[in-house]
Amino acid sequence: MKFFLISDNIDTQMGMRLAGIEGVVVHERREVLRELERAMHDEEIAIVLITTKLIETCPEVISELKLRQLKPLIVEVPDRHGKHKIGETIDRYVSEAIGVKL
C-alpha cells in the first residue's frame with residue numbers, strides 16, 4: 001500500500017518525493033477531481049494526501065468521500081505558505097524524514 005499526493009505547489013511535491021511519496025501538481029477543481037478519481041481507483045493507493053488549498057476547491061466532494069469511502073484515506077496536508085506556522089511543521093517533518101535541516 002502506498003501514499004499519493006495531490007498538491008498545488010512544486011515545493012510540497014518535491015518534499016514528499018524526497019520521502020518516497022509520488023504525486024501530481026494541479027491547480028483547478030476539475031484537475032483535483034480527475035486526480036482524486038484516478039487515485040481512488042488505484043488499488044495500491046491507501047492514503048491520498050491533498051493540500052489545503054486544493055481541498056478548498058471542492059470541500060463538499062472531499063467531505064462526502066471522507067464520510068463514505070473506507071479506502072483510500074484522504075488526509076489534508078497544509079503547505080508551508082499556510083496559516084499558524086504550519087510551514088515550520090512541514091519543514092520539520094521533511095527534515096526529519098530525510099535528515100537534512102531546511
Side-chain angles (χ1 to χ4, degrees):
M1 301 316 258
K2 61 184 180 179
F3 285 81
F4 185 75
L5 171 70
I6 303 174
S7 177
D8 64 299
N9 66 73
I10 300 228
D11 293 340
T12 302
Q13 181 193 32
M14 293 306 292
M16 293 296 180
R17 282 187 70 193
L18 289 171
I21 298 172
E22 293 298 320
V24 295
V25 175
V26 297
H27 300 287
E28 296 178 19
R29 177 186 166 96
R30 64 181 167 76
E31 295 172 317
V32 173
L33 296 174
R34 180 188 68 225
E35 292 300 331
L36 186 56
E37 182 74 23
R38 188 172 65 91
M40 293 185 69
H41 284 86
D42 186 331
E43 290 295 320
E44 292 185 9
I45 296 175
I47 300 174
V48 176
L49 306 171
I50 304 179
T51 55
T52 301
K53 186 175 178 181
L54 294 180
I55 287 180
E56 291 171 355
T57 66
C58 51
E60 70 289 345
V61 174
I62 302 296
S63 293
E64 187 69 23
L65 290 172
K66 283 183 169 187
L67 289 173
R68 296 188 184 265
Q69 296 295 122
L70 295 176
K71 185 180 159 214
L73 177 65
I74 299 173
V75 179
E76 180 175 349
V77 178
D79 69 18
R80 65 187 176 118
H81 302 292
K83 301 174 187 167
H84 310 293
K85 298 187 180 186
I86 292 173
E88 293 172 9
T89 304
I90 298 287
D91 288 347
R92 189 178 74 247
Y93 289 152
V94 171
S95 67
E96 288 173 3
I98 63 172
V100 175
K101 185 168 173 80
L102 299 175

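Heavy atoms only: backbone and side chains are in, while hydrogens, waters and symmetry mates are out.
The minimum heavy-atom distance linking S7 with T12 is given by the pair OG-CB, 3.5 Å.
Ion pairing of E37 with R34 is absent here, as no side-chain N (NZ or NE/NH1/NH2) approaches a carboxylate O to less than 4.0 Å.
Side-chain atoms of K53 never come within 3.5 Å of backbone atoms of N9 as a donor-acceptor pair (strictly under, hydrogens ignored). Judged purely by atom type and a 3.5 angstrom limit, E31 uses its side chain to pair as donor or acceptor with the backbone of H27. With hydrogens and angles ignored, the 3.5 Å screen pairs no side-chain donor or acceptor of E22 with any backbone N or O of R17.
If you chain together ILVMFWY residues whose side-chain heavy atoms come under 4.5 Å of each other, L54 ends up grouped with F4, I6, V24, V26, V32, L33, L36, M40, I45, V48, I50, I55, V61, I62, L65, I74.
The side-chain contact (heavy atoms from CB on, under 4.5 Å) check on E60 picks up R29, C58, with sequence neighbours excluded.
Counting heavy atoms from C-beta on, the side chains of E43 and M1 never come closer than 4.5 Å. Annotation: side chain of L5 is in contact with side chain of Q13 (closest heavy-atom distance under 4.5 Å). At a threshold of 4.5 Å between non-hydrogen side-chain atoms, the residues P72 and I47 do not count as touching.
Annotation for L67: atom CG counts as buried by contact number, over 12 foreign heavy atoms lying within 6.0 Å.
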